[in-house]
Trainee: 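A single structure is presented below for examination.
Heavy-atom basis, side chains included; hydrogens, waters and symmetry copies ignored. Since the structure is predicted, the reported quantities are computational estimates derived from the model, not experimental observations.
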Amino acid sequence: MSTPADIIRDGLWHNNPGLVQLLGLCPLLAISGTVVNAVGLGIATTLTLLLSNVIVSLIREHVRSEIRIPVYVLIIASIVTAIELAMNAWFHGLFLILGIFIPLIVTNCAIIGRAEAFASRNSVPRAALDGLMMGLGFTGVLIALGALRELLGQGTLFADFHLLLGEWGHALRIEFFPEEHGFLLALLPPGAFLAMGLLIAVKNWIDAAMESGPEPAEDAAAETGPSAG
């Protein structure tokens with residue numbers, strides 16, 4: 001059985017839903033043009049993963065296997081509807097920008113996949129930790145992608161954060177160069193695919209570097225031992 005540390009590592013890195021499983025790519029690529037969009041969608045997705053995992057774990061012994069998938073979908077759809085209504089009430093500007101991609105969270109394969117593969121087979125605390133870490137991992141990819149595209153496309157970071165944080169969110173805006181000098185491709189769908197490919201390449205490079213690493217001390221001693229004698 002995986003330990004809490006394993007669950008954290010899997011969600012944030014080794015089994016990241018965005019970089020490794022490549023699930024939920026439609027909203028991830030479509031809405032990640034700015035950091036604020038990425039944060040908004042990431043929070044909604046994380047809450048959905050967390051709450052759906054907890055509820056599925058709570059009812060896992062009371063749902064017949066023949067109807068478990070429709071029940072899981074109904075749970076996820078109910079949670080997403082509640083989140084959609086809350087965003088419409090409290091973050092209406094951001095809600096209008098995210099649009100259809102909030103209800104489309106219901107179709108995110110990562111959410112139903114975690115409910116079926118993990119939450120339905122584990123206790124509530126473990127299911128909650130898995131949902132939280134998977135959500136944070138997905139949100140991290142969203143933010144990295146949004147930051148890269150926003151910086152290259154319009155020369156800013158944290159623009160329009162007032163949609164999420166109110167008026168003082170204007171103070172977070174950082175401008176590196178005028179928007180007219182931006183790289184338009186970064187804001188278009190092809191740019192999203194290129195940026196996503198770059199992030200995956202960076203992760204694979206880091207994994208390869210970590211796996212190669214320095215050779216163990218005992219191996220080095222074994223290699224130098226005969227020549228020293």
Trainee: Do Phe91 and Leu163 have side-chain heavy atoms sitting under 4.5 Å apart?
Mentor: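 The answer is no, as the side chains (C-beta and beyond) never meet within the 4.5 Å cut-off.
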Trainee: Report the residues that fulfil side-chain contact (heavy atoms from CB on, under 4.5 Å) with Pro190, sequence neighbours left out, ordered by chain and then residue number.
Mentor: Leu185, Leu188
Trainee: Within this structure, what is the CG-CG distance for the pair Leu29 and Leu25, rounded to the nearest 0.5 Å?
Mentor: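 Going from CG on Leu29 over to CG on Leu25, the span is 5.5 Å.
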Trainee: Side-chain heavy atoms under 4.5 Å apart, restricted to Ile/Leu/Val/Met/Phe/Trp/Tyr: what other residues fall into the cluster of Leu23, or is it alone?
Mentor: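 Joined to Leu23, directly or through intermediates: none.
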Trainee: Can you measure from CG (Leu157) to CG (Leu151) and round to the nearest 0.5 angstrom?
Mentor: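 Between Leu157 CG and Leu151 CG, I get 5.0 Å after rounding to 0.5 Å.
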Trainee: Could you check whether any side-chain heavy atom of Leu132 comes within less than 4.5 Å of a side-chain heavy atom of Leu49, counting everything from C-beta outward?
Mentor: no
Trainee: Given Ile59 and Val71, is the side chain to side chain contact (heavy atoms under 4.5 Å, CB included) satisfied, shown in steps?
Mentor: CA-CA 10 Å; Ile59 67 171; Val71 171; 4.0 Å; yes
Trainee: Which pair of heavy atoms, one from Ser2 and one from Ile7, lies closest together, and at what distance?
Mentor: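 Heavy atoms of Ser2 and Ile7 come nearest at OG-CG1, 3.8 Å.
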Trainee: Would you say Ser120's side chain and Ala115's backbone share a donor-acceptor pair under 3.5 angstrom?
Mentor: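 Yes, Ser120 side chain to Ala115 backbone: donor-acceptor pair under 3.5 Å.
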Trainee: Taking side-chain hydrogen bond (donor to acceptor under 3.5 Å, both in side chains) as the test, write out the residues that go with Glu116, two or more places apart.
Mentor: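 Expected list: Arg68.
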Trainee: Under the rule for ring pair (Phe, Tyr, Trp, His ring centres under 6.0 Å), what residues qualify as partners of Phe158, not counting sequence neighbours?
Mentor: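 Phe161.
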Trainee: Please tell me whether Leu194 and Leu142 are part of a single hydrophobic cluster in this structure, the criterion being side-chain heavy atoms less than 4.5 Å apart.
Mentor: no
Trainee: Can you find a pair of side-chain heavy atoms, one from Met196 and one from Val141, that are under 4.5 Å apart?
Mentor: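 Met196 vs Val141: side chains touch.
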Trainee: Run the side-chain hydrogen bond (donor to acceptor under 3.5 Å, both in side chains) test against Thr3 and tell me which residues pass, sequence neighbours left out.
Mentor: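 Counting only residues at least two positions away or on another chain, Thr3 forms a side-chain hydrogen bond (donor to acceptor under 3.5 Å, both in side chains) with Asp6.
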Trainee: Do any pairs count as a side-chain hydrogen bond (donor to acceptor under 3.5 Å, both in side chains) and have a residue in residues 10-29, sequence neighbours left out, and if so which ones?
Mentor: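 Sorted pair list: Trp13-Asp207.
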Trainee: Return the OG1 to CZ distance between Thr107 and Phe101, rounded to the nearest 0.5 Å.
Mentor: 10.0 Å
Trainee: For residues 127-152, which residue pairs qualify under side-chain hydrogen bond (donor to acceptor under 3.5 Å, both in side chains), counting only residues two or more places apart or in two chains?
Mentor: Ser32-Arg149, Thr46-Thr139, Asn53-Asp130, Arg114-Asp130, Glu150-Thr156
Trainee: Using only atom types and a distance under 3.5 Å, with no angle test, would you say the side chain of Thr45 pairs donor to acceptor with the backbone of Gly42?
Mentor: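 Not a single qualifying donor-acceptor pair exists.
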Trainee: Same cluster or not: Val20 versus Trp205, using hydrophobic residues (I, L, V, M, F, W, Y) connected whenever any side-chain heavy atoms lie under 4.5 Å apart?
Mentor: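 Different hydrophobic clusters.
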Trainee: Phe193, Ile143: one ILVMFWY side-chain cluster at the under-4.5 Å cut-off?
Mentor: yes
Trainee: Got a second to check how far Ile83's CD1 is from Phe95's CZ, nearest 0.5 Å?
Mentor: 12.5 Å
Trainee: With sequence neighbours excluded, tell me which residues meet side-chain hydrogen bond (donor to acceptor under 3.5 Å, both in side chains) with Arg60.
Mentor: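 Ser57.
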Trainee: If you round to the nearest 0.5 Å, how far is CD1 of Ile43 from CG of Leu136?
Mentor: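 Going from CG on Leu136 over to CD1 on Ile43, the span is 10.5 Å.
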Trainee: Could you please spell out the steps behind the side chain to side chain contact (heavy atoms under 4.5 Å, CB included) verdict for Asn37 and Ile97?
Mentor: CA-CA 8 Å; Asn37 292 355; Ile97 293 175; 3.5 Å; yes
Trainee: According to salt bridge (Lys or Arg N to Asp or Glu O under 4.0 Å), who are the partners of Glu175, at least two apart in sequence or on a separate chain?
Mentor: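 Glu175 satisfies salt bridge (Lys or Arg N to Asp or Glu O under 4.0 Å) with Arg173 only.
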Trainee: Please tell me if the side chains of Val106 and Pro103 come closer than 4.5 Å, counting only heavy atoms from C-beta onward.
Mentor: no
Trainee: Restricting to side-chain hydrogen bond (donor to acceptor under 3.5 Å, both in side chains), what partner residues turn up for His92, sequence neighbours left out?
Mentor: Asn88
Trainee: Leu148 and Leu198: side chain to side chain contact (heavy atoms under 4.5 Å, CB included), yes or no, with the steps?
Mentor: CA-CA 10 Å; Leu148 181 61; Leu198 177 62; 4.0 Å; yes
Trainee: Under the ring pair (Phe, Tyr, Trp, His ring centres under 6.0 Å) rule, collect the residues that match up with His170, sequence neighbours excluded.
Mentor: His162
Trainee: Leu74, Leu50: one ILVMFWY side-chain cluster at the under-4.5 Å cut-off?
Mentor: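 Unlinked, Leu74 and Leu50 end up in two clusters.
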Trainee: Hey, are the side chains of Tyr72 and Ile111 touching, using non-hydrogen atoms and a 4.5 Å cut-off?
Mentor: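 Result no, sub-4.5 Å side-chain heavy-atom pair not found.
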Trainee: Is the shortest side-chain heavy-atom distance between Phe118 and Arg126 below 4.5 Å?
Mentor: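 With C-beta onward as the side chain, the pair touches.
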Trainee: If you take all heavy atoms of Met87 and Ala44, which pair is closest and at what distance?
Mentor: SD-CB, 4.3 Å
Trainee: In Å, rounded to the nearest 0.5 Å, how long is the span from OG of Ser78 to CG of Leu51?
Mentor: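 These two atoms lie 11.5 Å from each other.
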Trainee: In a check of side-chain contact (heavy atoms from CB on, under 4.5 Å) between Pro27 and each of Ile105, Leu41, Leu104, which one passes?
Mentor: Leu41
Trainee: Quick one: do Val202 and Leu152 end up in the same hydrophobic cluster if we chain Ile, Leu, Val, Met, Phe, Trp and Tyr together by side-chain heavy atoms under 4.5 Å apart?
Mentor: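 In one cluster: yes.
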Trainee: Measure across Leu199 and Ala144 and return the closest heavy-atom pair with its distance rounded to 0.1 Å.
Mentor: CD1-CB, 4.2 Å
Trainee: Run the side chain to side chain contact (heavy atoms under 4.5 Å, CB included) check on Val39 and Leu94 step by step: do they pass?
Mentor: CA-CA 10 Å; Val39 171; Leu94 184 59; over 6 Å; no
Trainee: Taking side-chain contact (heavy atoms from CB on, under 4.5 Å) as the test, write out the residues that go with His181, two or more places apart.
Mentor: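 Per chain and number, His181 pairs via side-chain contact (heavy atoms from CB on, under 4.5 Å) with Phe177, Pro178.
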Trainee: Counting C-beta onward and ignoring hydrogens, is there a side-chain heavy-atom pair between Leu129 and Ile8 closer than 4.5 Å?
Mentor: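 The answer is yes; the side chains approach within 4.5 Å.
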